[in-house]
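If you read the sequence from its start, that first residue is 1, and numbering goes on from there. Note: hydrogens, waters and symmetry copies are ignored here, and every other heavy atom, side chains too, is used.
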Amino acid sequence: MLKEIQIVLCFFFVFVFAILYELSLQFGFVFSCTPITKRFLTQEDVMSQSRSIIFVETTDRLEPPPLVSCSVESAARIYHDRPVVFFMKGLNNSTWLDSNSTYAAFSLLSAMKNVFIFPLQMETLFQETPLVTWYHKVNATQEKHWVHISSDASRLALIWKYGGIYMDTDVISIRPIPVANFLASQASQFSSNGIFGFPHHHWFIWDCMKDFVQNYNGYIWGNQGPFLMTRRLRALCNLTNFHNVEDQSCQNISFLHPQRFFPIPYPAWRQYYEVWDTNPDFSDSYALHLWNFMNKEHKSVVAGSNTLAENLYKTFCPTTYKDLIQGTEGSGHMQQNKTE
Ligand SMILES: *[C@@H]1O[C@H](CO)[C@@H](O)[C@H](O)[C@H]1NC(C)=O
Ligand SMILES: *[C@@H]1O[C@H](CO)[C@@H](O)[C@H](O)[C@H]1NC(C)=O
Ligand SMILES: *[C@@H]1O[C@H](CO)[C@@H](O)[C@H](O)[C@H]1NC(C)=O
Ligand SMILES: *[C@@H]1O[C@H](CO)[C@@H](O)[C@H](O)[C@H]1NC(C)=O
Ligand SMILES: *[C@@H]1O[C@H](CO)[C@@H](O)[C@H](O)[C@H]1NC(C)=O
Ligand SMILES: *[C@@H]1O[C@H](CO)[C@@H](O)[C@H](O)[C@H]1NC(C)=O
């Protein structure tokens, strides 16, 4: 009799434990007090609530340069109650580099409790989207802009499948974006694809993926990127020029004013690496796009230089600043060869 009671109790505890475990999976990243839970979470667990902030690396590089690290760290700080997910093509499927990693940036990011680093597996990602036919037809080695094009495709598929906010890895977050469905205007009547947000399975993203395949032209840089977003948006609404700092709205999609992410427009990108007499006013911005694509001369943040970028690092990604900028002083600064 005693033995039977023991068995019943035993089952009861297993049952309770299973329920608690299930709950911790669903709410793990919100309520977790131990980073240990992070290791047991699958991609689906982490991303199931359309709340993720998503970054993508489509080169095989495994060590994020300082700007990429700053971008992810700043998002993890601003969106401290949401998962920040970094997809890297260079990670093998079963590889999970932990804080033991010898890569400084990799290890500081994986140590943050709401940062998740997963392998980017395009073959799997494009399944059940219009992109799969294109992906099977295209020969990556013959594509001139493959790193960019595969990134353009991956970000659409990720937001379609999981929802959330996509950001380029040269964007520094400075305050939360208050809307969920949005495109970022880069100039009047022109949309960027460097930052956008939608809930999962949103029709606009599906239409973008169909347009991507139908009008594919790998020779024109941006044809599957900003030009694609812009032509889909123009097909929906008559865009007007912006007035003051007011956002526009098109069929429930906010079209955010250029000041929100691009207060320094791309021809002036060098200003981020200059010393300012008075700090610029970014009070109308949610995040700052540093235009790393323009940075062919590999300008980088140098400790003690007092440039705008250095001050942004100190404020919005202090761990990156401490470990990767101050930590490497005297040993020659790291090259930024980011592709965005
Ligand atoms: C990924 O797999 C390849 C081939 O199996 C191997 O050469 C490479 O070192 C692996 N990369 C990592 C980061 O484990
Ligand atoms: C992961 O990689 C291994 C070895 O390369 C392969 O056998 C396996 O199918 C891969 N798994 C997935 C989910 O791609
Ligand atoms: C960390 O790396 C060392 C040396 O490669 C290894 O012996 C150790 O098991 C690793 N620790 C963990 C927690 O993976
Ligand atoms: C892709 O292009 C490369 C280089 O032109 C060629 O060697 C390879 O056979 C092509 N692959 C396919 C699957 O057609
Ligand atoms: C755009 O404006 C034109 C002319 O005013 C109008 O005919 C058309 O229906 C508008 N399109 C949309 C999507 O509102
Ligand atoms: C916009 O959103 C509201 C509330 O979510 C909904 O009732 C309305 O139908 C939507 N309009 C369009 C054009 O999608």
Inset, instruction - With W291 as reference, evaluate Y273, Y266, Y272 under the ring-ring contact (aromatic ring centres under 6.0 Å, His included) test and give the passing residue. - result: Y266
Could you tell me which residues satisfy side-chain hydrogen bond (donor to acceptor under 3.5 Å, both in side chains) with [X], sequence neighbours excluded, listed by chain and number?
{"X": "Q214", "result": "none"}
{"X": "T141", "result": "N139"}
{"X": "D284", "result": "none"}

Inset, instruction - Before giving the answer on ring-ring contact (aromatic ring centres under 6.0 Å, His included), spell out for H289 and F262 the whole-Å C-alpha distance, their side-chain angles and the decisive distance to 0.1 Å. - result: CA-CA 6 Å; H289 191 286; F262 310 99; 5.3 Å; yes
Looking at [options], which hits side-chain contact (heavy atoms from CB on, under 4.5 Å) with [X]?
{"X": "F55", "options": "V85, V115, V72", "result": "V72"}
{"X": "M167", "options": "S74, S173, S71", "result": "S173"}
{"X": "I54", "options": "V84, I165, I159", "result": "I159"}

Close side-chain approach of [X] to [Y], heavy-atom, < 4.5 Å:
{"X": "S150", "Y": "M122", "answer": "yes"}
{"X": "E310", "Y": "Y321", "answer": "yes"}
{"X": "F212", "Y": "T129", "answer": "no"}
{"X": "R61", "Y": "V68", "answer": "yes"}
{"X": "S305", "Y": "V275", "answer": "no"}
{"X": "V213", "Y": "M209", "answer": "no"}
{"X": "L67", "Y": "T169", "answer": "no"}
{"X": "N181", "Y": "V179", "answer": "no"}

Using a 3.5 Å distance criterion without hydrogens, assess whether the side chain of [X] forms a donor-acceptor pair with backbone atoms of [Y].
{"X": "E57", "Y": "L62", "result": "no"}
{"X": "R260", "Y": "S185", "result": "no"}
{"X": "R175", "Y": "S285", "result": "yes"}
{"X": "N223", "Y": "N215", "result": "yes"}
{"X": "D170", "Y": "N292", "result": "yes"}
{"X": "Q224", "Y": "I149", "result": "no"}
{"X": "S50", "Y": "H200", "result": "yes"}
{"X": "E73", "Y": "T320", "result": "yes"}

Closest heavy-atom pair and its distance - [X], [Y]:
{"X": "K210", "Y": "P130", "result": "CG-CG, 3.9 Å"}
{"X": "F87", "Y": "P119", "result": "CD2-O, 3.6 Å"}
{"X": "V56", "Y": "S154", "result": "CG1-CB, 4.3 Å"}
{"X": "L290", "Y": "W269", "result": "O-CB, 4.5 Å"}
{"X": "N193", "Y": "G225", "result": "ND2-CA, 3.2 Å"}
{"X": "N114", "Y": "A76", "result": "ND2-O, 3.1 Å"}

Legend entry - More than 12 heavy atoms from other groups under 6.0 Å of CD on Q127: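 Yes.
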Shared ILVMFWY cluster between [X] and [Y], side chains joined below 4.5 angstrom?
{"X": "I264", "Y": "L312", "value": "yes"}
{"X": "W206", "Y": "Y135", "value": "yes"}
{"X": "F190", "Y": "L236", "value": "no"}
{"X": "L131", "Y": "W203", "value": "yes"}
{"X": "F227", "Y": "L239", "value": "no"}

Sequence neighbours left out, what passes salt bridge (Lys or Arg N to Asp or Glu O under 4.0 Å) with [X]? Give chain and number order.
{"X": "D211", "result": "R231, R232"}
{"X": "D207", "result": "none"}
{"X": "D281", "result": "none"}
{"X": "E297", "result": "R270, K299"}

Legend entry - Listed once per pair and sorted, the ring-ring contact (aromatic ring centres under 6.0 Å, His included) pairs that draw on residues 230-253, sequence neighbours left out: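 Sorted pair list: F242-F255, F242-H257.
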Legend entry - Worked check of side chain to side chain donor-acceptor pair (under 3.5 Å) between H136 and E123: CA-CA 9 Å; H136 287 159; E123 177 68 39; 3.0 Å; yes
Legend entry - ring-ring contact (aromatic ring centres under 6.0 Å, His included) assessment of W160 paired with H201: CA-CA 5 Å; W160 165 258; H201 288 188; 4.4 Å; yes
Answer yes if the side chains of [X] and [Y] hold a donor-acceptor pair under 3.5 Å, and no otherwise.
{"X": "Q43", "Y": "Y162", "result": "yes"}
{"X": "T315", "Y": "R77", "result": "no"}
{"X": "S151", "Y": "T58", "result": "no"}

Inset, instruction - Report yes or no: is the cationic atom of K296 (NZ for Lys, CZ for Arg) closer than 6.0 Å to the six-membered ring centre of F293, at no more than 45° off its axis? - result: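 Judged by the rule (NZ or CZ under 6.0 Å from the ring centre, within 45° of its axis), K296 counts as positioned above F293.
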Legend entry - Listed once per pair and sorted, the salt bridge (charged side-chain N to carboxylate O under 4.0 Å, His left out) pairs that draw on residues 215-225, sequence neighbours left out: none
Inset, instruction - Please name all residues satisfying ring-ring contact (aromatic ring centres under 6.0 Å, His included) with W276, sequence neighbours left out, ordered by chain then number. - result: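 Partners of W276 under the ring-ring contact (aromatic ring centres under 6.0 Å, His included) test: none.
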Inset, instruction - Mind checking disulfide (SG to SG under 2.5 Å) for C208 and listing every partner two or more places apart, or none if nothing turns up? - result: none
Inset, instruction - Quick one: sort the F198 and F196 rings into parallel, tilted or perpendicular, breaks at 30° and 60°. - result: tilted
Inset, instruction - Only pairs at least two apart or in different chains count here, so list each disulfide bond (SG atoms under 2.5 Å apart) that has a residue in residues 243-298. - result: C237-C250
